[in-house]
Amino acid sequence: MKNIVILTGSGISAESGLKTFRSGDGLWLNHKIEDVCTVEAFERNPALVHSFYNELRPIMMKALPNAAHQAITTLQQKLPKLNINIVTQNVDLLHEKAKSKNIYHIHGRIDECVCMNCGHIIKTFADVESDEVCPQCQVQGMLKPNIVFFGEMPQHMSEVDYMLSHCDLFIAIGTSGIVYPAAGFVRQAKFHGAKTYLFNLDPCNNSSLFDEEILGKASQTFPKFARQLINEINRQS
Ligand code: OAD
């Protein structure tokens, strides 16, 4: 075993107090996903989209990692000879706060804006308004939250593609398997010979593609698995 890819979704952050996207009534902080997460919504009403992320940013910045995030870090620390990459759909920074390494945010980050004119990325801790000027190119009104909206390309896809075609073990945690391309990663990893595990509260949309499905709260199920994996690999080496 050399390469592990861990795909995370909003379910891993649920026990840190962050709402999952499709929980309950289908609203995210009282907004329909299509009103705040699409290119069309941003073109139609950038002020509304900015105000949504301005509301979400401090909530995400205050959240703390839970036992599932910490267990990923422990895996990386205790198995230093393995390449363990984290591919996250989450825009929160809980993997960073848990001090994990090799984190790829394919749907962007809450603490960044990007200028649609020059591509400059700006660290964003305070509110951003729709008429702000880009500090790099000085053009006004072109800053967009660095969140991948529906209708945009996910980020880091060439690195992810390489990882999936070289991985021995693929683990998905807290994701419903609805949104592509992430929902297709398990198929790609399996095609290249990886063993595939799912840790989710409920069966997900593509459950049948996983060799093992472990249902329950990730903060309980995943640390247990991580301890077993560390013991097993250390016994073999
Ligand atoms: P979803 O809300 O679609 O799915 C969250 C999954 O987490 C569900 O299948 C739950 O069963 C599971 N879950 C909830 N609590 C859990 C817990 N404590 N432990 C383990 N699992 C738990 O969220 P995502 O799959 O992340 O895209 O959604 C994927 C993408 O759709 C998001 O990245 C976002 C969204 O639209 C963008 O923002 C571009």
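For the single chain, residues carry numbers from 1 onward in sequence order. Just follow the structure's listing: the first ligand is 1, and inside any ligand the first atom is 1.
In the hydrophobic clustering of this structure, Ile84 does not group with Met163; members are Ile, Leu, Val, Met, Phe, Trp, Tyr whose side-chain heavy atoms approach within less than 4.5 Å, directly or through other members.
In this structure, of Val91, Val179, Asp202, Asn66, the residue bringing a heavy atom nearest to atom 11 (O) of ligand 1 is Asp202.
Remark: Lys144 engages Glu152 in a salt bridge, criterion side-chain N to carboxylate O under 4.0 Å. Using a 4.0 Å cut-off between a side-chain N of Lys or Arg and a carboxylate O of Asp or Glu, Arg235 and Glu232 do not qualify as a salt bridge. Salt-bridge check for Asp92 with Arg109: failed, with every basic side-chain N at 4.0 Å or more from each acidic carboxylate O.
Here's the thing with Cys37: none of its N/O atoms is less than 3.5 angstrom from an N/O atom of ligand 1. Ligand 1 has a nitrogen or oxygen under 3.5 angstrom from a nitrogen or oxygen of Ser10. Residue Gln89 places at least one N or O, backbone or side chain, under 3.5 Å from an N or O of ligand 1.
For ligand 1 and Gly216, the ligand atoms under 4.0 Å from any heavy atom of the residue are 19 (N), 20 (C). Atoms of ligand 1 found under 4.0 Å from any heavy atom of Glu15 (numbered from 1 in listed order, with element): 17 (C), 18 (N), 19 (N). Under a 4.0 Å criterion applied to the non-hydrogen atoms of Thr20, ligand 1 contributes the atoms 2 (O), 14 (C). The atoms of ligand 1 that sit less than 4.0 Å from any heavy atom of Ala14 are 15 (N). Interface of Gly9 with ligand 1, defined as ligand atoms under 4.0 Å from a residue heavy atom, comprises 26 (O). Of all atoms in ligand 1, listed by their number and element, those nearer than 4.0 Å to a heavy atom of Gly174 are 5 (C), 6 (C), 7 (O), 21 (N).
Using cut-offs of 30° and 60° on the angle between ring planes, the pair Tyr53 and Phe149 is tilted. A tilted orientation is assigned to the rings of Phe225 and Phe222, their planes being inclined by 30° to 60°.
Neither the backbone nor the side chain of Cys204 has a heavy atom within less than 4.0 Å of ligand 1. At a heavy-atom cutoff of 4.0 Å, ligand 1 is contacted by both the backbone and the side chain of Asn200. Contact annotation: for Phe150 versus ligand 1, heavy atoms closer than 4.0 Å belong to the side chain alone.
Within 6.0 Å of NZ in Lys217 there are 12 or fewer heavy atoms belonging to other residues, nucleotides or ligands.
Paired with Ser100 under the rule side-chain hydrogen bond (donor to acceptor under 3.5 Å, both in side chains), one option of Thr73, Thr88, Thr8 passes, and it is Thr73.
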